[in-house]
Protein chains: 2
Amino acid sequence: MDLTNCPLFEDVSPEEIDQILHCFCSNTRHLQAGELLNCSDIVGKIGVLLAGEAKIIRIDYDGSRTLMETLTPGSVFGEALAFANSPLDQMFLECVNSCDLIFFAYTHFTKRCANSCEHHNILLQNLFRLLSKKVLTMASRVEVLSHRSIRAKLLCFFRITAAEAKSTRFTLPFSITALAEYICADRSAMMRELKAMKEEGLLQMDRRQVTLLSVGEEA
Amino acid sequence: MDLTNCPLFEDVSPEEIDQILHCFCSNTRHLQAGELLNCSDIVGKIGVLLAGEAKIIRIDYDGSRTLMETLTPGSVFGEALAFANSPLDQMFLECVNSCDLIFFAYTHFTKRCANSCEHHNILLQNLFRLLSKKVLTMASRVEVLSHRSIRAKLLCFFRITAAEAKSTRFTLPFSITALAEYICADRSAMMRELKAMKEEGLLQMDRRQVTLLSVGEEA
DNA sequence: AAAAATCTGTTGCAACTGCAACAAAAAGAA
DNA sequence: TTCTTTTTGTTGCAGTTGCAACAGATTTTT
């Protein structure tokens, strides 16, 4: 129940947050571990994960799952910040464990309120910052996915991660199984490719610890 | 040379635009048809295409090209609105024909100026709207690319396009060759798949005119 | 501590995809 | 109109990938 360390409310005092919760028609929900929330049910809203851990995933016609993002307490989500407009019914919020959520109507952020409170400007700026970050995150994802082979996707992802870590040695931000979902490839095929890459001396890997060895060769 | 119909300057009068051009340190450039502009040369800037036609593409190590977006007069581009932070040197603006461009420092938009002019707020809101749109565009792209097979990618793209057109009959927004670049697949392999899909009665296609026939089956 | 559920690692095989190399059609330029 | 360039359409072939089906290692739950 702590919104003070949510990036959406950065630079907003706890008193103002209380004020906002009244001003904006917000509502909270509690979901059980494993429960799914269809994103078409939260159109026009911005959600914040207050407690627990959740994922945004896509499950399409043939049942294949794609991990869109992982949410931790304070994470902000919603269609403008996350998913396409078209097949919202394929998007789900999946609770890893027991979760508390709060929702706000999107329009409260973009439109000035009648009393033109000062914190509206701050909120707008915060939302702006979140959006910029989101664009960069998605651009990275597109970059990874735009490669044609599993190997090229992996190398691209590893290079980006290494650049963020400012080191050729880094820890994967999620499990190997989730990595396969992230690069949208078959897990076993990815394992096979990872093995080959290790044997060719491109990288070392001990569980989630990765060390890139020869960076910058062919893709 | 007309910024009035650029979405970045929506709701800003021509007089104010003139003022802004002075206030913001802007500079213009002219590029020839076919000329490439490396995006690492325009870090921290927001560009607007004033005249001509251009593309944002990525060319990576092995020389394969990926179409990131197409720019028409009034289009706004720049790293926050377009491409990832990491390998900027792989990103290029490619002029289809002779182009005029104008660049602004990014910070002018996000930071309030000393005289806190009113139009700064409007610009911020405009940039916000552009960002939201960009997130949605990229989410669509991720959605398309997250499918594993060429067929699934095509169907996903066609469904999204059909949804936008509110009809199962629509015209491709770019050439078939560009479509292959968009879905990050080999062109000939894509042609082969399109042919198979036509034969299976999934769709009709006359050049860029597409008609989806059986929507909602398996992917 | 034992049992259940995940995650990691492997393999054979069929199917799909990328590559290379053409030919024909269409669009632009001279 | 003719020439040139770009786009579209095809095919064989080799290599990669997805699928299915396991087995062992970890982690979580009971």
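The sequence lines fix the lettering, A, B, ..., with proteins before strands; numbering per chain opens at 1.
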Spacing of [X] atom [atom1] relative to [N] atom [atom2], expressed in whole Å:
X: A:R148; N: C:dA20; atom1: CZ; atom2: P; answer: 11 Å
X: B:M191; N: C:dA20; atom1: CE; atom2: P; answer: 19 Å
X: A:K55; N: C:dT6; atom1: NZ; atom2: C1'; answer: 11 Å
X: B:E181; N: D:dT7; atom1: CD; atom2: P; answer: 9 Å
X: B:L194; N: D:dT7; atom1: CG; atom2: P; answer: 17 Å
X: A:N97; N: C:dT6; atom1: CG; atom2: C1'; answer: 15 Å
X: A:L179; N: C:dG9; atom1: CG; atom2: C1'; answer: 15 Å
X: A:D186; N: C:dG9; atom1: CG; atom2: P; answer: 15 Å

Mind checking side chain to side chain contact (heavy atoms under 4.5 Å, CB included) for [X] and listing every partner two or more places apart, or none if nothing turns up?
X: B:C6; value: B:L3, B:L8, B:F9, B:V48, B:V76
X: A:A178; value: A:L67, A:F174, A:S175
X: A:D41; value: A:N38
X: B:M191; value: B:I176, B:R187

In chain order, what residues pass the side chain to side chain donor-acceptor pair (under 3.5 Å) check against [X], with sequence neighbours excluded?
X: A:T177; result: none
X: B:T211; result: B:R169
X: B:T4; result: B:D2
X: A:D100; result: A:H30

Task: Separation of B:L127 CG from B:L123 CG (nearest 0.5 Å) - done: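 With rounding to 0.5 Å, CG (B:L123) is 8.5 Å from CG (B:L127).
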
Task: Distance (rounded to the nearest 0.5 Å) between B:H147 NE2 and B:L154 CG - done: 11.0 Å

TODO: Classify every nucleotide of nucleotides 22-30 of chain D by which part a protein heavy atom approaches to under 4.0 Å, writing B for the base, S for the sugar-phosphate alone and - for neither, in 5'-to-3' order.
DONE: ----S----

For nucleotides 11-16 of chain D, list the nitrogen or oxygen atoms of the protein found under 3.5 Å from its nitrogen or oxygen atoms, one pair per line.
residue: D:dT11; atom: OP2; partner: B:K195; partner atom: NZ; Å: 3.0
residue: D:dG12; atom: O6; partner: B:R192; partner atom: NH2; Å: 2.6

Open item on the list: Side chain of B:A185, heavy atoms from C-beta onward: which of D:dG9, C:dT8, C:dG18 has the nearest atom to it?
Closed with: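 Within the option list, the nearest is C:dG18.
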
Open item on the list: Starting the side chain at C-beta, find the nucleotide from C:dG9, D:dG18, D:dT7 nearest to B:S175.
Closed with: D:dT7

Task: Estimated bend of the helix from C:dA1-D:dT30 to C:dA30-D:dT1 (axis per five terminal pairs, rounded to 10 degrees) - done: 60°

TODO: Could you note down all residue pairs passing salt bridge (Lys or Arg N to Asp or Glu O under 4.0 Å) where residues 188-202 of chain A supplies at least one of them, sequence neighbours left out?
DONE: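 Passing the test, one end in residues 188-202 of chain A: A:R151-A:E193, A:R151-A:E200.
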
Task: First of A:K153 and B:R208 reached from the 5' end of DNA chain D, by closest nucleotide - done: B:R208

